[in-house]
Number of protein chains: 2
Amino acid sequence: MTRLNRERVLRAAVALADEGGIESLSMRRLAQELDVVPMALYKHVANKEQLLDGMVDAVVREIELPQPGSDWRDAVRRRVLSARTVLLRHRWAYRVIESRTGPTPAVLEYLDSMIGVFRDGGLSADLTHHAMHALGSRVLGFSQELFDTSGGAAAPDAGAADTMAERYPRIAELAGAAAHDGGSVVGGGCDDRFEFEFALDLLLDGFERLRARGWTSAAG
Amino acid sequence: MTRLNRERVLRAAVALADEGGIESLSMRRLAQELDVVPMALYKHVANKEQLLDGMVDAVVREIELPQPGSDWRDAVRRRVLSARTVLLRHRWAYRVIESRTGPTPAVLEYLDSMIGVFRDGGLSADLTHHAMHALGSRVLGFSQELFDTSGGAAAPDAGAADTMAERYPRIAELAGAAAHDGGSVVGGGCDDRFEFEFALDLLLDGFERLRARGWTSAAG
DNA sequence: ACCTGAACACCGTTCAAGT
DNA sequence: ACCTGAACACCGTTCAAGT
């Protein structure tokens, strides 16, 4: 058994969360996984919060940054989609990122380089700032889908679906019109990738339109 | 002391979370607040998850739905902003909503009526479906700001700010250009309301453009 | 029908010791 | 320098009893 170190602790924590979900990650369970007593972990991470920070950094560093192509729009798009594939590999990560009270170094680095793409593409600092806010979590490849569908919400049985359709006719209409596979409410049964790119492209188109017209915010 | 009931339990839970944050809401603490033994709660809510469901419903029912005005764009806008004021009253709510694995009745009702505004405005079921996804959590008045700023992330001291500026020059530039009050990284020191409306309007503009041109998704 | 007490199987973390 | 043991102050929840 090699000596414990921060690297090994983080690696094991990510593996544990990947496998059993973030709710299965406790200091005690992690220690057990490493054949060590819980308190041994505290020599390598100050506490659980710092452990989570380290896990976020590890995941964000996995994101490949494709070389910026010809135009900024495409470069941003490719980066965001590449972040998305990483976040899909670690389904717990977006929740942990959201729960952080401050950005970790790897995230700052990522944001800094993403801002660079916008700026090099000719967007003003003002517009870039608002664009980054508008993208929000989408800049890291995840969108807020209103509900946590990662757990696989059970599809309602036929009877429940009938009374649903009665009580929420407009939702039922949409589900009928667009449910490719599952056929649940908004959030299930759709092509997640399509929805993600749809919104992303609307925003990028909007940024480009504002850039082209030399838009600036009042306060900027 | 009146008899306990679901109503009183939910009310106390919301009050507790409003006051002390969601992390201060435990079944035991809530019971204490109600001068009752923890197990007494379980006659009125099945478990903590169902308690949280009930709290979400209570909050969502607080949202006032302004009468739909002349055009759908304005009606959606006003509804979303009215949801936003409620969610700002209960700073814990958006996290709890995100953590639900399925929509609660009040949320379904809200979504159903919001879909109605789009449909009555002349958007196809297909476009409405994608629009609802694109709005995501924004439909309920909150956006994913990448980090939890509700805790009031400490502004870095001058020294830290200097090394930050060295390591992350583009972030520093943006912070300098746009920090009205605080002057922190993306997420702090900006006019949250402006950022929220900026992104909302970009999306609504995009929807309108697609509607006007009779856009439809390939699969739709 | 509603509330209680005691218990179970967990948490994160401190503190004082071991090697 | 690194790991351990025992303990503290918490969790959500079950189960069998009380009134």
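Proteins get letters first, then strands, A, B, ... in listed order; numbering begins at 1 in each. Side chains included, hydrogens not; waters and symmetry mates left out as well; all remaining heavy atoms used.
- Between dC10(D) and dC8(C), the two C1' atoms lie 15 Å apart (nearest whole Å).
- Across the protein-nucleic acid pair, L30(B) atom CG and dC11(D) atom C1' stand 14 Å apart, rounded to whole Å.
- Side chains of S99(A) and R95(B): no donor on one and acceptor on the other come within 3.5 Å.
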Pairing string, 5' to 3', for DNA chain D - Watson-Crick or wobble contacts under 3.5 Å, brackets [ ] where pairs cross, | to another strand: ||.|||||...|||||.||
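- The residues R77(A) and E197(A) are annotated as salt-bridged, a charged nitrogen and a carboxylate oxygen being separated by less than 4.0 angstrom.
- One N or O on the side chain of R100(A) and one on the backbone of V96(A) form a donor-acceptor pair closer than 3.5 Å.
- Heavy-atom neighbours of E19(B) CD from other residues, nucleotides or ligands within 6.0 Å: at or below the threshold of 12.
- Judged by distance alone, the side chains of R170(B) and T128(A) never bring a donor and an acceptor atom under 3.5 Å apart.
- As a whole-Å value, the separation of L34(B) CG from dC3(C) C1' is 13 Å.
- Protein atom CD of Q50(B) is 14 Å distant from nucleotide atom C1' of dT13(D), rounded to whole Å.
- For V36(A), whose side chain is taken as the heavy atoms from C-beta onward, the closest listed nucleotide among dG12(C), dC11(D), dT4(D) is dT4(D).
- Classified by interplanar angle (parallel below 30°, tilted 30° to 60°, perpendicular above 60°), the ring pair H130(B)/F198(A) is tilted.
- Each of A46(A) and S24(A) has a nearest nucleotide on DNA chain C; the 5'-most of these lies closest to S24(A).
- Side-chain proximity of M27(B) to dC3(C), dG12(D), dT4(D): nearest is dG12(D).
- Within the 4.0 Å cut-off from OP1 or OP2 of dC2(C), not a single side-chain nitrogen or oxygen of H44(B) is found.
- A donor-acceptor contact closer than 3.5 angstrom is absent between the side chains of D53(A) and T104(A).
- With distances taken from any side-chain atom of V37(A) to the nucleotides dT4(D), dA7(D), dC2(C), the minimum falls on dT4(D).
- Using a 4.0 Å cut-off between charged nitrogen and carboxylate oxygen, R167(A) and E109(B) do not count as a salt-bridge pair.
- Residues from residues 12-19 of chain B lying near DNA chain C, meaning a heavy-atom separation below 4.0 Å, are absent.
- If you check dT4(C), dG12(D), dC11(C) against the side chain of Y42(B), the one that comes closest is dG12(D).
- Among the nucleotides dC2(D), dG12(D), dT4(C), the one closest to the side chain of R3(A) is dC2(D).
- Here dC2(D) is the nucleotide among dC2(D), dT13(C), dA7(C) with the atom lying nearest to any side-chain atom of K43(A).
- Of the N and O atoms on the side chains of E7(B) and H44(B), not one donor lies less than 3.5 Å from an acceptor on the other residue.
- The side chain of N47(A) has dT13(C) as its nearest neighbour among dT13(D), dC11(D), dT13(C).
- Put simply, CD on Q32(A) is 13 Å from C1' on dA9(C), counting in whole angstrom units.
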Show the numbers, then the answer: is there a side chain to side chain contact (heavy atoms under 4.5 Å, CB included) between R11(B) and L16(B)? CA-CA 9 Å; R11(B) 224 194 276 287; L16(B) 188 55; over 6 Å; no
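- One can place CD of E23(B) at 15 Å from C1' of dG12(C), the figure rounded to the nearest angstrom.
- Separating the CZ atom of R28(A) from the C1' atom of dA7(D) is a distance of 10 Å, rounded to the nearest angstrom.
- The residue M39(B) sits close to a base: some heavy atom pair falls under 4.0 Å.
- The side chain of R29(A) approaches dC11(C) more closely than any other nucleotide in the set dC11(C), dT13(D), dG12(D).
- The interatomic distance linking L41(B) (CG) with dG5(C) (P) rounds to 14 Å, in whole Å.
- Atoms CG (L25(B)) and P (dC10(D)) sit 16 Å apart, rounded to a whole Å.
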